[in-house]
Number of protein chains: 4
Amino acid sequence: MAMVCLSDFEAYAKKYLPKIAWDYFAAGADDCTTRDENILAYKRIRFRPRMLRDVSVMDIRTKILGSEISFPVGIAPTGFHQLAWPDGEKSTARAARAMNTCYIASTYSTCTLEEISAAAPGGLRWFQLYIHRNRAASQQLVRRAEALGFRGLVLTADLPYTGKRRDDVRNGFRLPPHMKVKNLERAFEVCKMSPLDPSVTWNDIYWLRSLTRLPIIIKGILTREDAELAVRHGVQGIIVSNHGGRQLDEGPATIDALVEVVEAVRGRVEVYVDGGVRKGSDVLKALALGAKCVFIGRPALWGLAYKGEEGLQDVLRILQDEFRLSMALAGCASVSEIGPHLVQLSKL
Amino acid sequence: MAMVCLSDFEAYAKKYLPKIAWDYFAAGADDCTTRDENILAYKRIRFRPRMLRDVSVMDIRTKILGSEISFPVGIAPTGFHQLAWPDGEKSTARAARAMNTCYIASTYSTCTLEEISAAAPGGLRWFQLYIHRNRAASQQLVRRAEALGFRGLVLTADLPYTGKRRDDVRNGFRLPPHMKVKNLERAFEVCKMSPLDPSVTWNDIYWLRSLTRLPIIIKGILTREDAELAVRHGVQGIIVSNHGGRQLDEGPATIDALVEVVEAVRGRVEVYVDGGVRKGSDVLKALALGAKCVFIGRPALWGLAYKGEEGLQDVLRILQDEFRLSMALAGCASVSEIGPHLVQLSKL
Amino acid sequence: MAMVCLSDFEAYAKKYLPKIAWDYFAAGADDCTTRDENILAYKRIRFRPRMLRDVSVMDIRTKILGSEISFPVGIAPTGFHQLAWPDGEKSTARAARAMNTCYIASTYSTCTLEEISAAAPGGLRWFQLYIHRNRAASQQLVRRAEALGFRGLVLTADLPYTGKRRDDVRNGFRLPPHMKVKNLERAFEVCKMSPLDPSVTWNDIYWLRSLTRLPIIIKGILTREDAELAVRHGVQGIIVSNHGGRQLDEGPATIDALVEVVEAVRGRVEVYVDGGVRKGSDVLKALALGAKCVFIGRPALWGLAYKGEEGLQDVLRILQDEFRLSMALAGCASVSEIGPHLVQLSKL
Amino acid sequence: MAMVCLSDFEAYAKKYLPKIAWDYFAAGADDCTTRDENILAYKRIRFRPRMLRDVSVMDIRTKILGSEISFPVGIAPTGFHQLAWPDGEKSTARAARAMNTCYIASTYSTCTLEEISAAAPGGLRWFQLYIHRNRAASQQLVRRAEALGFRGLVLTADLPYTGKRRDDVRNGFRLPPHMKVKNLERAFEVCKMSPLDPSVTWNDIYWLRSLTRLPIIIKGILTREDAELAVRHGVQGIIVSNHGGRQLDEGPATIDALVEVVEAVRGRVEVYVDGGVRKGSDVLKALALGAKCVFIGRPALWGLAYKGEEGLQDVLRILQDEFRLSMALAGCASVSEIGPHLVQLSKL
């Protein structure tokens, strides 16, 4: 089976992963409308490609928060990578470093931050944080991440409670006994109930700021109002995200929300987007609409499921090649030439 | 079979109810366009969820016409509950009381108002009325309802004649011999022809008003013009409804009509809506667009068909949990925080 | 098999007619887009139904060019009724008279005008005319129709050449040897090539006017420009029609074109519409948008195919009942109360 | 099997061509969205047909760059005709001449320009050019084409690199050993890597101009900006094209882009369009929107696959008949009567 595009990896993962793991990764909230809309919304955007520009030398590198990456696609934070591949997040870290891009490690990793760091020393990594009822646990995580050389702190804002993913309820999803949310082992014992703190507000950004000198990126913003609040509370970046359609169903597709957020932010902080990226041309659309970089969630897991670190590199390489080709065919030789003139928000 | 969402109950009812009963409950008029549009129109509305608000303490209670209910979902009037469950409307009344919400008992109940009252003393109930050619029969019903402690009178305005439901015609639908429209037994004998009076006009509101001190709620309004007339004729509430798509096919979806009615009413009376509610997030959308409460019809019948009173409680509990979760994920901790800023009427 | 709605007759006809006849009646030009759009366009229109109006006494009669009909649905001109039922147009004429409505007999009838007249003396009938290369033949037809008491002359304007109906080409469609285009037998011999004259222009209306005192109705108008020309050339009525989607594919649906034509005509002549009417509520929509009456083509043929004259009466009776019910449920007790306020041209 | 419309030829080709050849011809880039949109976009355009115009004498001829053709449909440049029929481009040239229309021979022909010329002396032909890294090879081709009597030079602007056509990657598409890109045999040896030059810019139009006195037509323009640049750089014609959806996926459908290009060009040069033409009425739409002529790609290959030169003539004859009929049914007797009043860009 030739692996030509990302859906080939999806098909592979669906076929070979245990159903309960596939269902967990694939799950969207409720009717999965937003999960699917994330993809469909990209398809509604039309390019306005330009011809006869010199695209003989292509430069697809970019920088996020000052760090150069080989192309504007990073790895979004997703949990439980051991469900996809035995080495779990260690493989993810190695693949990201090999491809010279950014990996956002999840609080809900099945490897510790230390294991992840040791697996790929020197790689560009951010750490994704949920604020727990047990604030000491969160504080300890932030300090560990900073000490281990993570270069950004990504606060997830859209999960005061977990969304209703019907298949997970039906399957009675839980981690197999031999896997653990290793970063939180002790904290999990302390909190018998759901460990996340639904009372978190914008003021907790100040608390986070007091804990660390790392840049803070807020993930889960979908409106201009919240984008404005994020900037005012001093974050360094915003990830426009609906958690892959796993939280509130029937909110906006992320690529649609991106337009509104970019407009509100007016360049004051970097804006990224995740959700629905399946082709290199989706990356080009996101950048044309103002994103500095996109992050991929499920496609990274499909890559892991295919061949671990090597499979994830395959996924990234395909996206990279497709992105480069799309840029060239649209008439852009470097990322700096990408702009809103390249797209037309279609009426369909 | 895990009962995770309302469609699970629908599938159960479709499988286990006698075809003629399922068809009767499921029927829409003509091509069933409006029946299906009621659901689709909800899906076209997009949330604009807000992040990082304190949603640790959730309050989902509300009041309708001064009575508190545990959450803004009541039971819409539907006929012939014994077709779904042997105890019929008595089970419905018990489930509504157990869940602390409002049950609108139909004129076309298969239990008497007295039986319904006795089954769940103290429950919040309204009585749904059709005005009959035999006005004395209607008058007697109103008086009985008031005497039995029903707290509102719901006048159905959209059934001067019965809509054309093709399956019912094909099936030759009629009640099985052991069931009766008990509230009307005597009146039915008097009127050999269809007992409903197609000459009813707005002036009959005054006649109703003369019969009872109960608040009058008018059900079946779909336009701003009729909303204005309803307010001027002194009703206390309006239920935006198209009778579940069973009357005039190809009228508006109720959630679409709600916007227009709420605008016309300008807060002078309470506005409710029924039709198409299948998820807790639909309730949130209806409230965001100005409804004080929604009412569910077919889902209540599916609950009854599943396990009677217990099944209906399951349905209500699922809606309650989903509604609470949707509110939290949209950033609202209490019903009073819900407003039009939460939604975006999508173009699709 | 209960015949509950018009699609039941369609299914019957599809099952029992010879394929070549079914294909001929069902055919649309090219991709059949316009044929299908005629139906879909009705579904896109939403009612704005009004409540609590006295609809106890319903009056669904109307007048076309001064003649009263029992309800605003007539029989559109279609060819070759013997393909559907042995008695052909004689049955059609009898059914139309029995239902007290108007039948537009086609030039391409398989019975003569004399046979049609004799079959149902006194019925309201118009005669549909194609202008032939052999003008004498056309002139003779007009005179015969007038002499036989036909009360209107319907000039078809949209068939300078026959549209490309792929199935007819594949089937090599032609009339079986025992059927004849009886009205034209002699003229057909004269013209070996297609007998219709593609050089006809607006000036030929004056020629027609010189031949007869019958009112002239022009059929096949789809634009405001042509509507204006029709009025200026002195016609008495316009049938908005695209020949059932059998001529130019991908023109407008007739109910969409009706709006534009009605606007242009400003009440100076009567406007009718055919194409896509499948339910009584479609009739109500057409009238709300300004049509004085609608005409049905294929549904009449399905009725004939089912049981001849009796089957066609069934079809008309169903439409009549559905139309009356739709009117009542929309709050109109008589045709004069129908107006544009009843509908909303939906965006979908 | 009767060959009634172009899809009949498509079905034939799909059935009888080797899969690898069918896939190559059918391929679109990535998800094939643009390939399919080219067709769908035509369907969204509605005619506004006019009635009662004299269409007894039809004149469907037109001129492109001064040369008369029998109707406004030419053969777009596509590669590797021997994959469809043993005689390859020689058959294409003969069919085009027989039908008195223009054939744009591709650089990637499997016959030499000399063979093509010899096969159909005197036919109207243009030569399609890719500019190669080896400029001498391109220059030589231009000179050969001019010397052989080709009457226009079509510069393809949208292929700095080849689009990603997944099926070709899966199939490992390459020409069978007995076929050759004959025009480039020597040049191919010189360039081991992809021979096309991605550094081509607008200035290379001046270089081309210096090589030849042939009119230069630029192919692949999709925006008003590039249309303006094309005019300013002195081309004689523009082909609005997205390479049949084989290059950048999710750009505009060509018939949609045509509107924008025609508007920008304001009659200064001739504008043509290719992509998605499947019916004579599509040609009429393109002309109504300002195209001087359309070109067909895949349908020509289907014709070749069916019966070589004869099959391609069948395809052209069907399009010709359909175009003439559409014109007549829309009320136009000659190409000069076609204009924007004939169409309505629909909202769907």
Of the backbone (N, CA, C, O) and the side chain (C-beta and beyond), which part of C:Ile131 lies under 4.5 Å from a heavy atom of chain D, both, or neither? neither
Side chain, backbone, both or neither: which part of D:Arg48 has a heavy atom under 4.5 Å from chain C? both
Point-to-point distance, once rounded to the nearest 0.5 Å, from OH of C:Tyr272 to CD1 of C:Ile104: 8.5 Å
Highest number of heavy-atom pairs under 4.5 Å with chain D among C:Asp249, C:Thr223, C:Asp226 belongs to C:Asp226
Tell me whether D:Thr34 contacts the main-chain N or O of D:Gly251 through its side chain, where contact means a donor paired with an acceptor under 3.5 Å. yes
For D:Asp54 and D:Ser56, does a side-chain donor sit closer than 3.5 Å to a side-chain acceptor? yes
Do the charged groups of D:Lys63 and D:Glu270 touch, with an N to O distance under 4.0 Å? no
Heavy-atom contact with chain D under 4.5 Å, split by part of C:Arg224: both
Chain C contacts, top residue of D:Ala330, D:Cys5, D:Ser7 (heavy-atom pairs, under 4.5 Å): D:Cys5
Centroid-centroid distance, C:Phe80 to C:Phe25, less than 6.0 Å: no
Side chain, backbone, both or neither: which part of D:Asp321 has an atom under 4.5 Å from a heavy atom of chain C? neither
So, C:Arg165 side chain and C:Arg246 main chain: donor-acceptor pair closer than 3.5 Å or not? yes
Most heavy-atom pairs under 4.5 angstrom with chain C, which of D:Lys285, D:Arg50, D:Arg53? D:Arg50
